[in-house]
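All heavy atoms count here, side chains included; hydrogens, waters and symmetry mates do not. Quantities reported herein were computed from a predicted structural model and do not represent experimental measurements. Both ligands and their constituent atoms are indexed starting at 1 by order of listing.
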Amino acid sequence: MDRPISLPTGLTSSSPRAPERHLVARDVTEALAALRAAQPLCYVPADKRPAVEVLADVLARHGIGRSDVDDADTRLRRWASAFIRLFPELEATAGLIESPLLDMTGRNVAPGLAIGDPAFIKADHALPVAGSVKARGGVYEVIKHAEWVATSAGLLRSGDTPDLLLTPACRALFADRAVAVGSTGNLGLGIGIMASALGFKSVVHMSHDAKRWKKELLRSRGVTVIEHRGDYAAAVAAGRAEAAATAGSYFVDDENSLQLFLGYSTAALRLRDQLDAGCVEVSAERPLRVYLPCGVGGAPAGITFGLKLLYGDAVECYFAEPVASPCFLLRMLTGGVRCSVYDVGLDNRTEADGLAVAEASELAVALTGPLIDGFYTVKDATLLRQVHRLHDEGIDIEPSAAAAFLGLGINASRGSAATEIFWTTGGSFVPAAEMQSYIARGASLAESP
Ligand SMILES: *Cc1c(COP(=O)(O)O)cnc(C)c1O
C-alpha cells in the first residue's frame with residue numbers, strides 16, 4: 001500500500017487538512033527525488049510572480065490574452081443553434097456545451113474535506129457531446145476548422161450563421177476532407193464525434209492504453225480508428241505524419257494546439273457565471289482553489305489561463321497527475337528543459353488513461369507554467385478508492401477525473417476560508433460494466449489497510 005515517506009508534523013494523514021499520504025516537497029530536489037521514486041507528493045513553487053505580471057508577459061510575448069478567450073466563447077455561442085441541430089440533447093442548455101456546478105458543501109466527497117468547507121464539483125464528466133473536458137477544446141478546434149474550410153471554398157462569409165455549415169453543399173465539401181488526431185481516448189472521442197457529425201472523414205490514432213470501449217464507440221460513429229502499440233506521444237506522432245502526407249487532412253495537435261487551449265479556456269467564463277449565480281464570493285480573503293487533472297496539460301492550462309485572467313491570484317490552480325506520468329510537474333522542476341517521464345525511470349503506465357502522457361505540452365508550459373499554484377501526484381490505488389467513494393455519493397467518474405479530489409490541503413498555509421472546486425474531467429460515457437469494475441476494485445482497496 002502507499003505509505004507516506006515522510007510528513008512534516010502537523011500534516012499527518014489523519015489531519016483533516018492533509019492530502020492523502022503525500023510527501024510535501026519543500027524544494028525542487030526533494031520533489032524530484034519523490035517523483036523519481038513514484039511516491040505521491042505535492043509541490044508548491046516558491047516565489048511565484050503575480051498573475052497579472054505573468055499574463056502581461058504572455059500577451060507581450062505570445063500575443064494571447066483576454067480577447068482570444070472572449071472570441072472563442074463568442075464563436076461557441078454563435079454555434080448554439082447548429083449545435084442543437086447536431087446534438088438535440090443540447091436543447092436543454094440552449095445550445096451551450098456546458099456542465100453543471102454541483103454544490104458539495106457538507107458532503108463527504110474528498111479525503112480531508114471538513115464539514116462546512118464550501119466545496120463544488122465542476123462536472124465536466126457530464127459534459128454533453130463527448131462526456132469529458134475534451135468537449136470544450138476538441139469541439140472548438142473542429143468548428144473553427146470547419147468555418148475555415150467553408151470560408152476558403154466561398155461557402156461561408158463573415159457574419160453568416162454557422163447553420164450554413166450543416167447544408168448539403170458544406171457536407172459534401174467536408175466529406176472530401178479528414179480531421180485526424182492522436183489520443184489516449186477522450187480527445188479522440190471529442191474530435192471524432194464532432195468531426196463526423198459535420199460530415200468530415202475522421203481518423204483517430206489511439207495509443208496502446210486507449211480503452212476498447214472508446215475505440216468501439218468511435219467506430220460506431222463512423223470514425224476510422226487506427227491502433228498503435230506505442231504510447232500517447234507515438235500515437236500523436238503517427239497521426240501527425242499521416243495527416244501531413246494526406247491531402248485535405250487536418251491534424252489536431254494535442255501537444256501544441258492553441259485552438260484546443262482557447263476552447264478549454266472558455267470554461268472560466270462559464271464557471272464565473274455559475275459562481276455569480278450561486279453568489280459565491282471570490283476574493284483574496286475567499287480564494288477559489290481549483291483542482292485539475294493533467295495529462296499533456298492543454299486542458300488544465302487553458303482553464304487556468306482563463307481563470308487567472310478573470311480572478312488573478314484570487315484563484316489558485318493545482319494540477320494533479322498519476323505517479324507514473326507526472327510529465328507537467330517534471331517539466332516545471334527541470335526548469336526549462338524538455339524531459340519525459342521515461343528519462344527519469346518512470347513507466348507512464350496508469351489506470352488514469354486520460355492522464356497517461358510522458359511529456360508535457362510546450363505550449364501549455366509557455367502560456368501557463370508560471371501561473372500554476374501547485375502540483376500533486378497520486379497512485380492508481382488512491383484514484384480507484386476515490387472512484388468508489390464518489391460512487392457512494394451518487395457520482396460516477398473515470399479514474400483520471402478522481403485525481404481532482406486528492407490534493408486538498410496542498411496549500412493549507414494560505415488560510416482556509418477558501419472555496420474548493422474539484423474539476424471532474426471525464427466519466428459519463430464510460431459503459432456501466434466498465435464503471436462497475438472500477439468501483440469494485442476501489443471498494444476492495446478501500447477495505448485493505
Ligand atoms: C484529457 C483529459 C485530461 C487532461 O487534459 P490534458 O489536456 O491532456 O492535460 C484530464 N482528465 C480526463 C478525463 C481527460 O480526458
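- The P293 neighbourhood of ligand 1 comprises atoms 4 (C), 10 (C), with distances under 4.0 Å to a heavy atom of that residue.
- Qualifying side-chain contact (heavy atoms from CB on, under 4.5 Å) partners for T424, counting only residues two or more places apart in sequence or in other chains: I121, A123, H125, I397, A401, F405.
- Nearest protein heavy-atom contact of atom 12 (C) of ligand 1 is T425 OG1, 3.3 Å.
- Closest to atom 4 (C) of ligand 1 among all protein heavy atoms lies G295 N, 3.5 Å.
- For residues 326-369, the set of pairs meeting the ring pair (Phe, Tyr, Trp, His ring centres under 6.0 Å) definition, not counting sequence neighbours, comprises F319-F328.
- Across all non-hydrogen atoms, the minimal contact from L218 to G192 is CD2-CA, 4.1 Å.
- When each of D253, D254, N256 is checked for a side chain to side chain donor-acceptor pair (under 3.5 Å) with R240, only D253 meets the rule.
- Contact atoms of ligand 1 toward G354: 1 (C), 2 (C), 3 (C) (distance under 4.0 Å to a heavy atom of the residue).
- Not a single heavy atom of A401 sits under 4.0 Å from any atom of ligand 1.
- Side chains of K379 and Q39: no donor on one and acceptor on the other come within 3.5 Å.
- Near G298, with a cut-off below 4.0 Å to any heavy atom, the atoms of ligand 1 are 6 (P), 7 (O), 9 (O).
- Residue contact check for ligand 1: V296 places a non-hydrogen atom closer than 4.0 Å to it.
- Donor-acceptor pairing under 3.5 Å is lacking for the side chains of Y438 and Q436.
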Would you check, one step at a time, whether the test side-chain contact (heavy atoms from CB on, under 4.5 Å) holds for V24 with I410?
CA-CA 8 Å; V24 181; I410 182 172; over 6 Å; no

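- Residue-to-ligand polar distances place N186 within reach of ligand 1: an N/O pair is separated by less than 3.5 Å.
- Looking at atom 7 (O) of ligand 1, its nearest protein heavy atom turns out to be A299 N, 2.8 Å.
- Of the protein's non-hydrogen atoms, K134 NZ, 2.8 Å is the one closest to atom 14 (C) of ligand 1.
- Distances below 4.0 Å separate heavy atoms of L355 from the following atoms of ligand 1: 3 (C), 10 (C), 11 (N).
- Taking the six-membered ring where the residue is Trp, H145 and W148 present parallel rings, their angle staying beneath 30° rather than reaching 60°.
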